[in-house]
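Inspection log for the structure reproduced underneath, given as structure tokens.
Protein chains get the first letters and strands the later ones, always in sequence-line order, with residue 1 at the start of each.
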2 protein chains.
Amino acid sequence: MTNEHNIPNEYEAIPSLAQLKRQIERYDLDVDAQTVLVAARLMAAGTKLGHAAEVHFSKFGLSTGRYRLLADLEDNAGEELPSQLAEHLGVTRATVTGLIDILERDGLVSRRTSSVDGRQRSVVLTELGAEKLQDMAEEHFARMEAIVGLLSVEERSLFLDLLSKVTHGISSLTE
Amino acid sequence: MTNEHNIPNEYEAIPSLAQLKRQIERYDLDVDAQTVLVAARLMAAGTKLGHAAEVHFSKFGLSTGRYRLLADLEDNAGEELPSQLAEHLGVTRATVTGLIDILERDGLVSRRTSSVDGRQRSVVLTELGAEKLQDMAEEHFARMEAIVGLLSVEERSLFLDLLSKVTHGISSLTE
DNA sequence: CCCATATAATTAGGAACCTAACTATATCGG
DNA sequence: CCGATATAGTTAGGTTCCTAATTATATGGG
């Protein structure tokens, strides 16, 4: 085990309700500890899931971002502009440039200069890139399913609904 | 607006159910698109929340990690070992070293060599560090509450329960 | 007693994503 | 038609966290 000291005690998830209650009391705040706990746990879950995904994709020589780029490319007839990719993936164009650099180096995509607009350089999924997606598909989707596997069908749709509300809550904070 | 091209179209969250369905059909997989969508949306929500938190803390000259370190320190009588902090925060000791470096530079914590074990160098919350926590408390907790604000009390406790199951699902994948 | 081994913290270097500045190309108004 | 401005993509450099190697100190068996 490389980082066992990195795995939190499974009987005491972070942050604990007790810890939050102490903080709220210390500052004499008018907030509900349980409510704050929900937000904190969501953040923890997101971090954990993100890390797990990164580990998963690295086994195929990819990162989460590079996998998502390939998948989005395939979903758009195998060719897109970097700016479109940036919008679809929710990252900046600078980040897309970096993702493409590595994917191109590995032969999974190639760049093509547009004949219509000389500023544009569209990105094309290569045959090797399509094969990579094909190779990963089964395990990738099985893992995605496994994450939600402990939830019943009703719970899944409920969770999706709640998640959507929380996502809107986050949006209203960042605007 | 610095990165408006970075904000996904609000009428079409990523990834869309349609996109996942196309992928599943293309590879002829035996998975449920809705189920996969739940996992994908959770990952997106986590990323979004993490980013929002980073922006929030940066207004106080901190990062999420450095804030969490200070809070954990305060919750442990203002003094802890780096290894304890690493375990509590769920990061490596190397990361803790980096967090402490900056917090010490800014006068929010100080390092003290142990008289018991010469290898240990405990971290102490300074008065300035405690003041920083005090200054941030109200806004910080208000924001945490706002994230979950669109959920009713029942939904919050339900969400927490579902989140816990999903977190276990992630754990079982990474072991 | 002292050498092999374990442990605490740090350093060195890498990966992912960011913002801001830059280059090259396109377009619009006088 | 041509200079000002806008846009596409890239580059440069910063932040956060990681793994692996290193340094310093402690401990246990021959």
Query raised in the report: Within this structure, what is the NE2-to-P distance between His56(A) and dA16(C), rounded to whole angstrom?
Result: 15 Å
Requested in this report: Quickly work out the Asp101(A) CG to dT11(D) P distance and round it to whole Å.
Outcome: 6 Å
Report summary line: From CD of Glu104(B) across to P of dT10(C) the rounded distance in Å is 9 Å
Query - Side-chain N,O (Thr64(B)) to OP1/OP2 (dT16(D)) below 4.0 Å - result: no
Requested in this report: Using atom CG of Leu103(A) as one end and atom C1' of dT10(D) as the other, report the distance to the nearest whole Å.
Outcome: 16 Å
Query raised in the report: Passes side-chain contact (heavy atoms from CB on, under 4.5 Å), Asp101(B) versus Arg111(B)? Steps please.
Result: CA-CA 9 Å; Asp101(B) 283 346; Arg111(B) 277 187 246 239; 2.2 Å; yes
Query - Phosphate OP1/OP2 of dT19(D): any Arg93(B) side-chain N/O under 4.0 Å - result: no
Query raised in the report: For Glu54(A) and dC17(D), what is the distance between atoms CD and C1' respectively, to the nearest whole Å?
Result: 11 Å
Query raised in the report: Quick one: is dT19(C) close enough that its OP1 or OP2 comes under 4.0 Å of any side-chain N or O from Thr92(A)?
Result: no
Requested in this report: Could you tell me whether Glu74(B) and Arg22(A) have a side-chain N and a carboxylate O separated by less than 4.0 Å?
Outcome: no
**Report entry** Non-hydrogen atoms of Val124(A) and Leu73(A) that approach each other most closely
**Finding:** C-CD2, 4.2 Å
Query - Residue-level proximity of residues 113-120 of chain A to DNA chain C when a heavy atom falls under 4.0 Å - result: Asp117(A), Gly118(A), Arg119(A)
Query - Below 4.0 Å: OP1/OP2 of dA16(C) and any side-chain N or O of Arg66(A) - result: yes
Query raised in the report: Is the distance between the ring centroids of Phe60(B) and His140(B) under 6.0 Å?
Result: no
**Report entry** side-chain N/O Ser63(A) vs dA16(C) OP1/OP2, d < 4.0 Å
**Finding:** yes
Requested in this report: Using only side-chain N and O atoms of Thr95(B), determine if any of them is under 4.0 Å from OP1 or OP2 of dC17(D).
Outcome: no
Query raised in the report: Which whole-number value in Å describes the distance from Asp106(B) CG to dT15(D) P?
Result: 12 Å
Query raised in the report: Counting side-chain heavy atoms from CB outward, which of dA9(C), dC17(C), dT10(D) is closest to Arg111(A)?
Result: dT10(D)
Query raised in the report: In whole angstroms, how far is the C1' atom of dA8(D) from the CD atom of Glu80(A)?
Result: 15 Å
Report summary line: Rounded to whole Å, the CZ-P distance (Arg121(B) to dT10(C)) equals 5 Å
Report summary line: In this structure, CD1 of Ile170(B) is separated from CG of Leu42(B) (nearest 0.5 Å) by 6.0 Å
